There are 2 protein chains.
Amino acid sequence: MAFKLAKYLPIIDWGRRYKGETFVNDGIAAVIVTIMLIPQSLAYALLAGLPPQVGLYASILPLVAYAIFGTSRAMAVGPVAVISLMTAVAAGKIAAQGTPEYIAVALLLALISGLMLLVMGLFRLGFIANFLSHPVISGFITASGLLIAVSQLKHILGVSASGHNLIEMLHALVTSLPQTNFPTLIIGVVSTAFLFWVRRGMKPLLMKVGLSDRLASIGTKIGPVIAVVIAIIVVASLGLADRGVNIVGNIPKGLPSLSVPEFDLELWRSLLASSLIIAVIGFVESISVAQTLAAKRRQRIDPDQELIGLGAANVAGAFSGGYPVTGGFARSAVNFDAGAETPAAGAMTAIGIALATLFLTPLLYFLPIATLAATIIVAVLSLVNIADIRQAWAYSKADFAAMIATIIVTLTVGVEAGVLSGVVLSIALFLYRSSRPHFAIVGQVRDTEHFRNIARHNVITNPKVLTLRIDKSLYFANARYMEDAIYDLIYNKPEIEHVILMCSAVNDVDFSALESLEAINERLATANIKFHLSEVKGPVMDRLEKSHLLSQLTGAVHLSQLDAIKATSGTSHGTELDFHL
Amino acid sequence: MAFKLAKYLPIIDWGRRYKGETFVNDGIAAVIVTIMLIPQSLAYALLAGLPPQVGLYASILPLVAYAIFGTSRAMAVGPVAVISLMTAVAAGKIAAQGTPEYIAVALLLALISGLMLLVMGLFRLGFIANFLSHPVISGFITASGLLIAVSQLKHILGVSASGHNLIEMLHALVTSLPQTNFPTLIIGVVSTAFLFWVRRGMKPLLMKVGLSDRLASIGTKIGPVIAVVIAIIVVASLGLADRGVNIVGNIPKGLPSLSVPEFDLELWRSLLASSLIIAVIGFVESISVAQTLAAKRRQRIDPDQELIGLGAANVAGAFSGGYPVTGGFARSAVNFDAGAETPAAGAMTAIGIALATLFLTPLLYFLPIATLAATIIVAVLSLVNIADIRQAWAYSKADFAAMIATIIVTLTVGVEAGVLSGVVLSIALFLYRSSRPHFAIVGQVRDTEHFRNIARHNVITNPKVLTLRIDKSLYFANARYMEDAIYDLIYNKPEIEHVILMCSAVNDVDFSALESLEAINERLATANIKFHLSEVKGPVMDRLEKSHLLSQLTGAVHLSQLDAIKATSGTSHGTELDFHL
C-alpha cells in the first residue's frame with residue numbers, strides 16, 4: 001500500500017530525504033522564477049483574453065498541486081503562450097471577452113482538461129499523445145507563434161482589432177492603422193527592441209562584467225522584469241495613461257477565492273473537444289520539457305504520473321480562479337539552472353506569486369499593455385521554427401506535407417482545425433505508406449544458404465518455385481496489397497507449382513491478413529499451386545496455430561528458406577536449378 | 001495510345017480474340033444467369049424499398065457497362081442484398097419510401113458512388129478500401145444479414161412494421177403480430193421451407209437423377225425461380241390477392257427511359273458519406289468475388305480497373321432508372337460454373353433482362369411479396385458467419401473487439417454507424433499496438449557474432465554498454481515509447497557509458513522518430529552517455545544522411561553490432577567482458 005501511494009504521490013519519495021541544503025537551493029530558484037513569472041503571468045492572461053489577476057492565480061495552486069503529484073524535479077508549470085491562445089479561441093466560441101461567462105469558461109477548460117489528464121494518467125492512456133506527430137506539433141507551434149505575435153500587434157499600435165485567423169487579423173490591423181496611438185507605439189517598439197537586445201546582447205555583456213555563464217543566462221531571463229519596471233516608471237511619471245496609453249490598471253488585491261466551477265451538461269459537452277486538444281498539446285509540451293531536464297541528471301520521468309501531476313495542476317487552477325496551465329520550457333530551464341533540486345521549488349514559487357498578489361499589484365497599476373505585448377511577441381517568435389520546416393522538406397515529403405497542412409490550416413482556419421487536420425493527415429499518410437509494404441522476389445545466392453532479392457543480386461531460382469520475401473508485418477491495410485501482388489505474379493505463368501512466402505520480417509499477422517493468407521492458399525489451390533510459408537517467427541507461429549490456415553495449407557511451413565527450397569525443388573543444390581540474373 | 005486505351009477498355013483485348021465457340025458458351029451462361037437474376041432483381045428492389053422494375057433496370061445497362069470496362073471474365077454485377085439495405089437506409093434519411101423523391105435519391109446514390117469509384121480508379125485510390133479490415137467487413141456483413149432477414153419477416157407475416165435498427169424492428173413486429181395475414185404467412189413459410197430445402201436437398205437429388213456435379217449446382221440456383229412460378233400459379237388460381245396477400249402487381253412494361261439525375265448541391269452533399277460507404281463496401285465485395293473466380297483460371301484482376309468497371313456500371317444504372325449495384329457472389333459463381341468465358345456473357349444477360357422487362361412482367365403480376373421475402377431471407381442467412389466470430393476470438397482479441405463492435409453498432413444504431421465505428425476502432429487498435437513496439441536488450445552469444453535477447457539467451461554483456469534491439473520501424477506513434485524506454489533503462493545506472501540502438505528490423509524512420517533520435521542523442525550527451533546506431537539498413541541510412549542526426553551523433557553508426565561492441569568495449573572478444581545471465 002505504502003509503495004503504491006508513493007507511486008502516485010512522488011512527494012513522499014523526495015520529501016522523506018529533504019535536507020536543509022536542498023531547501024536553500026530550491027528557495028533561491030523559487031525567487032528567480034517568481035520574478036520571471038510575474039510579468040509572464042500577466043502577459044499570458046492578456047493573451048488568453050483574461051484579466052491580469054487570472055494569470056497570477058493560475059500560478060499559485062497549480063504549482064502546489066504539481067509539486068505534490070509531478071515527477072519532474074525542475075519543471076515550472078503555469079500559464080504558457082500556446083495554451084493561452086487555445087484558451088482564448090475555445091472560450092471565445094462560447095462567450096465574449098471581458099464578460100464573467102468568458103472567465104467561467106476558461107476556468108471550465110482548466111477543469112475539464114485537468115480531469116481528462118487525470119483519467120489518462122490513471123488509465124495509462126498517455127499513448128494518445130503519441131498520435132500528435134512531430135511535424136504536426138512543430139507546425140502547430142510555429143503557426144501559433146505567428147498567430148500570437150500578430151494578435152499582439154494591436155497592443156503595440158494601441159488600437160482595437162480582432163480576428164479569428166491570420167487574414168482577418170491582418171485585415172483588421174491594416175484598417176485600424178489610422179487610429180494608431182503614438183505614445184503606445186513608442187513604448188511598444190522600444191520595449192520590443194529592448195527585449196530583443198536582452199535575448200542577444202545581454203548575456204555577453206553580463207559575462208563581460210564577470211558573471212558566470214550560468215548566472216548570465218539567468219540574468220537574461222530577468223530582462224522582461226527590467227522592461228516592465230522602466231515602462232511603469234515612464235508611464236507613471238509622464239502621465240501617459242491620460243494620453244491614450246492602455247495600462248493594466250487596478251488588479252484586485254489578495255488571494256483568489258476558492259470556487260466550484262458550475263456544472264452545465266450542455267456547456268461541458270461543447271467544451272470537450274477543445275479541452276482534449278488543450279490537454280494533449282499541454283501534455284506533449286510539458287513531457288518534453290520534463291524529459292529534457294531529467295536526462296541531464298539521469299532522473300526518471302514517469303509519463304503516466306506526469307499526466308496526473310499536470311491534471312492535478314489544472315484541476316487546482318480551476319478551483320482557484322485560474323485557467324489552463326502546463327510546463328513552460330523557458331521558466332523550467334531557469335528553475336533548473338538556478339539550482340532547483342525538488343518540486344518544493346515550485347511550491348515556494350507559488351508562495352512568491354501569492355505574496356505578489358497580496359502586496360505587489362498596486363505597483364503594477366501603470367504597467368502599459370504594450371510592454372506586456374512586447375514580452376509576448378519576443379517570447380513567441382522563438383517558437384517559430386523555420387529550420388524545422390526546411391529539415392522536414394529535406395527528410396521526408398510526407399512529413400513535410402503534414403507539417404505544412406497543419407501550419408496553413410492553423411493560420412487560415414484556426415488552432416483546433418489545424419491540430420485535427422494535422423493528426424488526421426499524419427495517420428492517413430502513415431497508413432498509406434504502410435499499406436504498400438516492400439516485398440522482393442528472392443533467389444539463392446550460389447554456394448550459400450542466403451536468399452536475396454533477384455533484382456539486386458545474382459541468384460539462382462527455380463521457375464517452378466516463386467519465393468516472395470515480405471518486409472513488413474501483415475495487417476489489414478497491407479494484406480490485400482500482398483494478395484494482389486501474388487496474384488499478379490502467378491498470372492500467365494503456368495510453370496509455377498509452388499509459391500513460398502518468406503516471413504522473416506513479419507512480426508505480426510492480424511485477422512485480416514490471416515484471411516488474406518487463407519484466400520491466397522485457396523485461390524492458389526484452385527490454380528494447382530501449392531502455398532508455403534518459411535521462416536515464420538515464434539510469436540507469429542503461435543498465433544497461426546490458433547487458426548485453420550496451417551491445417552488447410554496446401555504446402556507446408558518451413559523453418560528456413562533453404563528447407564523450403566529443398567522441399568519444393570527436390571534438391572538442396574543450386575546446380576540443378578536454372579540460372580537467373 | 002492504343003495500348004493505353006486497351007488498359008482502360010479491357011473489351012478491346014478480349015473482343016479482338018472473340019470466337020464463335022466462346023459466344024455459345026457465354027450465351028448459355030447468360031440464359032442461366034438471366035433466369036436466376038429476375039427474381040433476385042425484384043427481391044432486392046423490394047429490400048431497397050424501390051418498385052420491382054427498378055431492380056430489373058439495375059440489371060440491364062450496368063451489366064453492359066461492366067462488360068466494357070471490367071476486368072473479371074465471369075463476374076455478374078447487379079443488385080445485391082447488403083447494398084440494397086444500405087440504399088434503403090441512405091434514401092430513407094432523405095425521403096419516404098414509395099415517393100418519387102425516394103426513387104430519385106436511390107438513383108443519385110448510384111450516380112455519386114459510381115463517380116467516386118471512377119475517381120478512385122483513375123487516381124489509383126483503391127487502397128482506401130484496405131482500411132475496411134476483415135473483422136469490420138465480416139462483422140458488418142453478418143449484422144446486415146441479420147438485419148435484412150428480420151426486416152423481411154413483416155412480408156412473411158403480411159403486416160406493415162418498420163424500424164431503423166434491430167430493436168425497433170423486433171418491437172414493431174411483435175406489436176403487429178395480431179394483424180398477421182394467414183394466407184400470406186402460409187405462402188411465406190412454405191416458400192422459405194422450400195428454398196431452404198433447395199439449398200440442402202436439391203443438389204443431391206439432381207445428382208441422383210444423373211446430373212453432373214456442376215449441372216446440379218447450377219440447377220440448385222434455379223430453385224427460387226421454381227418457387228416464384230409455383231407461388232404465382234397458386235396465388236392467381238386461388239384468388240389469394242383478394243384475401244389480403246400482397247402481390248407485386250403491375251410492373252410497367254418496357255425498357256427504362258434514359259434520364260439525367262437532378263443536380264442539387266445540398267442533396268448531393270448530404271449523400272456524400274452514404275455514397276462513399278456504398279462505393280467502398282460494394283467494391284470490397286466485388287473485388288473479392290472477382291479475385292476468387294480469376295484465380296481459378298490464373299487470370300488477372302486489375303483492382304484499379306475494377307474500380308472503373310464498377311463505377312461505370314453504377315453511373316450507367318443512374319442514367320437508366322436503376323440503383324447501386326455491385327458484383328454478387330452467388331450469381332457470379334453460377335456464371336462461372338455455367339461456362340461464361342468473357343464479360344460478353346454479362347452483356348447477353350443484360351439483353352435477357354431487357355427482354356424480360358419487355359415481355360415477362362405481366363406474368364409476374366400475381367407474384368406474392370412473401371415469396372420474394374423468402375428468397376431474401378434464405379439468401380442473406382448465408383451471410384451470417386458465426387464461425388468467423390469464433391475464429392476471431394481464438395485468433396486475436398483486438399480483431400474480435402473490432403468485429404463485435406461493428407456488429408453491435410450495426411444492429412443497434414445502423415449500418416453506416418456500424419461500418420464507421422468498426423473502421424475507427426480498427427485503426428485505433430492498430431495504432432495502439434504499433435505504438436508499443438517490441439524491443440529487447442541484447443548481448444553477444446559467446447564465441448559467435450550473434451546478438452540475442454538477454455532475457456532469453458545466455459549472453460555476454462558489458463555493464464558500460466547498453467544495446468537495445470528495436471523490432472519495428474520507428475514512426476510518430478512509437479517513437480516516444482522508445483524514448484521513454486531508453487530513459488528508463490539509463491535511470492540510476494551511472495556505469496553506462498554507451499547506448500547502442502540496433503536497427504536491424506527498422507525499415508523506416510519518419511521525421512518524428514528522427515526528432516526522437518536527436519532528442520535521445522542530446523539528452524544522453526548531457527548525461528555523458530554516447531549514443532550509437534548499428535545495422536542500419538541502406539534505405540534508412542540514405543534518409544538519415546539528409547538529417548543533422550549523423551553529424552551530431554555523440555557515438556557512431558556501426559555497420560554491424562559486432563563492430564559497435566568492438567568500438568565501445570575496446571575489445572572484440574567476449575572473454576574480457578563481464579558475464580550476464
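Note that the structure is a prediction, hence the values are computed from the model and not measured. The chains referred to below are lettered A, B, ... by the order of the sequence lines, with proteins before strands, and numbering in each begins at 1.
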Criterion side chain to side chain contact (heavy atoms under 4.5 Å, CB included) on Phe476(A) and Leu132(B), from CA distance to verdict: CA-CA 7 Å; Phe476(A) 62 89; Leu132(B) 277 182; over 6 Å; no
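- For Phe131(B), the parts sitting under 4.5 Å from any heavy atom of chain A are the backbone and the side chain alike.
- Thr292(A) is not listed as a side-chain neighbour of Glu522(B), based on a closest heavy-atom distance of 4.5 Å or more.
- Neither the backbone nor the side chain of Ser138(B) has a heavy atom closer than 4.5 Å to any heavy atom of chain A.
- Across all non-hydrogen atoms, the minimal contact from Phe511(B) to Pro135(A) is CD2-CG, 4.0 Å.
- In terms of heavy-atom proximity, Ser512(A) sits nearest to His134(B) at OG-N, 2.7 Å.
- Only the side chain of Ile137(B) comes within less than 4.5 Å of a heavy atom in chain A; its backbone stays farther off.
- For Ile520(B), no part sits under 4.5 Å from any heavy atom of chain A, backbone or side chain.
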Verdict with supporting geometry, Ser396(A) and Arg543(B), side chain to side chain contact (heavy atoms under 4.5 Å, CB included): CA-CA 8 Å; Ser396(A) 151; Arg543(B) 270 265 181 108; 4.0 Å; yes
Intermediate values then yes/no, side chain to side chain contact (heavy atoms under 4.5 Å, CB included), Arg433(A) and Asp508(B): CA-CA 10 Å; Arg433(A) 271 182 293 174; Asp508(B) 195 17; 3.9 Å; yes
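- Looking at every heavy atom in both residues, Ile301(B) comes nearest to Asp488(A) through O-OD1, 4.3 Å.
- The backbone N or O of Asn507(A) sits nowhere less than 3.5 Å from a side-chain atom of Asp471(B) that would complete a donor-acceptor pair.
- Residue contact with chain A, scored on non-hydrogen atoms closer than 4.5 Å, involves the backbone and the side chain of Tyr395(B) alike.
- Considering every non-hydrogen atom in both Ala129(B) and Arg480(A), the closest pair reads O-NH1, 3.1 Å.
- The part of Phe430(B) that comes within reach of chain A is its side chain, from C-beta onward, which places non-hydrogen atoms under 4.5 angstrom from that chain.
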